[in-house]
Number of protein chains: 2
Amino acid sequence: MTITLPQKAVTDDLSALLHGAGLRVTAQRLAVLLALESRRHADADEIFDAVRPTLPGTSVQAVYGVLNALHSAGLVRRIEPAGSTARYERRIDDNHHHLVCERCGRVEDVDCVVGAAPCLTPSDSSGFEIHSAEITFWGLCNECQHFRG
Amino acid sequence: MTITLPQKAVTDDLSALLHGAGLRVTAQRLAVLLALESRRHADADEIFDAVRPTLPGTSVQAVYGVLNALHSAGLVRRIEPAGSTARYERRIDDNHHHLVCERCGRVEDVDCVVGAAPCLTPSDSSGFEIHSAEITFWGLCNECQHFRG
DNA sequence: GCATTGTTTTGAATAATTCAAAAACAACGC
DNA sequence: GCGTTGTTTTTGAATTATTCAAAACAATGC
């Protein structure tokens with residue numbers, strides 16, 4: 001029986017993830033993936049801030065590069081709600097959607113919509129070959145509802 | 001019986017539209033609205049190009065200003081698909097959705113989705129007060145389907 | 001017509017993201 | 001273990017959509 005430090009175990013998982021996707025395992029990529037584990041809908045800047053303490057010397061450009069690589073490999077999902085910068089998330093396997101606050105930009109997950117399946121089929125696709133459907137709900141988050149004049 | 005030039009009639013309609021929304025009627029606003037009549041999902045730059053010939057001296061900033069005013073007044077809808085600049089459209093009364101080409105960024109309208117109504121209700125809204133739902137279908141347009149390797 | 005208030009122009013700034021070249025590094029075979 | 005090769009990161013700069021601010025101007029109500 002081998003005893004592994006929890007931290008190490010997580011990093012091993014992430015290494016395997018990268019490896020499995022045909023990507024080289026680098027400290028920056030592991031750090032970005034780790035940062036995404038504990039954050040939902042993080043943007044490049046948040047991730048940069050999260051990575052910096054443990055991996056000083058990392059550049060913002062590297063973070064963008066890593067995120068682009070992870071996205072191309074299908075390991076992270078990128079959403080760009082109107083008015084926000086690009087946000088990244090690790091939940092890629094399920095087909096969940098997003099609630100975005102019109103006032104503060106906060107993003108929350110919606111696990112499913114009622115009658116989800118039919119939503120993925122438009123009635124007339126104008127010759128498009130459809131790959132995915134993205135649903136964004138706009139409104140006011142809990143906090144911002146109290147700020148109205 | 002009065003005979004009105006068609007061009008003039010359209011402009012009168014647009015003037016009434018602006019007036020009804022409590023906005024001042026200016027040449028730039030009429031020109032932008034007119035440009036939007038014949039264009040679907042136009043961005044600020046396209047509109048600027050469309051306005052310039054008939055109204056030289058108009059600045060890009062003015063176009064942005066007009067579009068923001070029209071949007072705030074609810075006269076135009078603004079969509080910002082990931083990877084594109086903001087696009088504007090006059091169809092605001094209906095609740096239609098969009099097809100966006102992942103390759104060339106082309107945007108098409110989808111009149112309705114099968115089972116449209118249920119789509120507007122998420123199962124768990126996390127305390128959000130929901131105002132609207134936006135559906136974007138991602139895929140390849142007719143043209144871009146032939147460019148695949 | 002004239003004053004008021006809102007809009008447009010002019011000119012400059014902002015901020016997210018990407019580009020490019022050179023240095024650093026990971027993966028692989030030996 | 002060690003060099004080679006191709007990829008990734010750093011460093012430094014560019015791009016581009018959009019907004020900001022002050023001054024000139026124009027629409028509306030009287």
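Below, read A as the first sequence line, B as the second, and so on, with proteins coming before strands; counting in each chain starts at 1.
Here the P atom of nucleotide D:dT8 and the CG atom of A:Leu67 are 14 Å apart, to the nearest Å. Spacing between atom CG of B:Leu70 and atom P of C:dT7 amounts to 11 Å, rounded to whole angstrom units. Counting to the nearest Å, the C1' atom of D:dT18 and the CD1 atom of B:Ile47 are 14 Å from each other. What separates CG of B:Leu14 from C1' of D:dA27 is a distance of 17 Å, to the nearest Å. Nucleotide C:dC25 holds its P atom 15 Å from the CG atom of A:Leu30, rounded to whole Å. Atom CG of B:Leu18 is separated from atom P of D:dT28 by 9 Å (rounded to the nearest Å). If you measure from atom CD of A:Glu46 to atom P of C:dT17, you get 12 Å, rounded to the nearest angstrom. Taking atom CG of residue A:Asn68 and atom C1' of nucleotide C:dT18, one finds them 9 Å apart after rounding to whole Å.
Within the nucleic acid shown, A:Val66 comes within 4.0 Å of sugar-phosphate atoms alone, with no base atom in reach, counting heavy atoms only. Contact annotation for B:Val60: no contact, since no heavy-atom pair falls under 4.0 Å across all strands. Nucleic acid contact class of B:Ser59 (heavy atoms, under 4.0 Å, all strands): base.
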For side-chain contact (heavy atoms from CB on, under 4.5 Å), just list the numbers for A:Arg24 and A:Arg29, CA-CA rounded to whole Å, side-chain angles, deciding distance to a tenth of an Å, and then say yes or no. CA-CA 9 Å; A:Arg24 288 196 175 174; A:Arg29 286 178 178 171; 4.0 Å; yes
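When distances are taken from the side chain of A:Arg29 to each of D:dT18, D:dT10, D:dT9, the shortest belongs to D:dT9. The side chain of A:Thr26 sits closest to D:dT9 out of C:dT8, D:dT9, C:dT18. Here the nucleotide nearest the side chain of A:Tyr64, chosen from D:dT9, C:dT7, C:dA16, is C:dA16. Among the nucleotides C:dT17, C:dT8, D:dT9, the one closest to any side-chain atom of A:Gln28 is D:dT9.
Here the CG-CD1 distance, from B:Leu36 to B:Ile47, works out to 4.5 Å after rounding to the nearest 0.5 Å.
The closest side-chain donor-acceptor pair between A:His97 and A:Glu108, if any, does not fall under 3.5 angstrom. A donor-acceptor contact closer than 3.5 angstrom is absent between the side chains of B:Glu46 and B:His41.
No more than 12 heavy atoms of other residues, nucleotides or ligands lie within 6.0 Å of CD in B:Glu143, so this atom counts as exposed by the packing criterion.
Along DNA chain D, the nucleotide closest to B:His19 and the one closest to B:Ala86 are compared, and the more 5′ of them pairs with B:Ala86. If you find the closest nucleotide of DNA chain D to B:Asp45 and to B:Arg24, the one lying nearer the 5' end belongs to B:Asp45.
Dashed line: the shortest gap from a side-chain N or O of A:Gln61 to OP1 or OP2 of C:dA20 is not under 4.0 Å.
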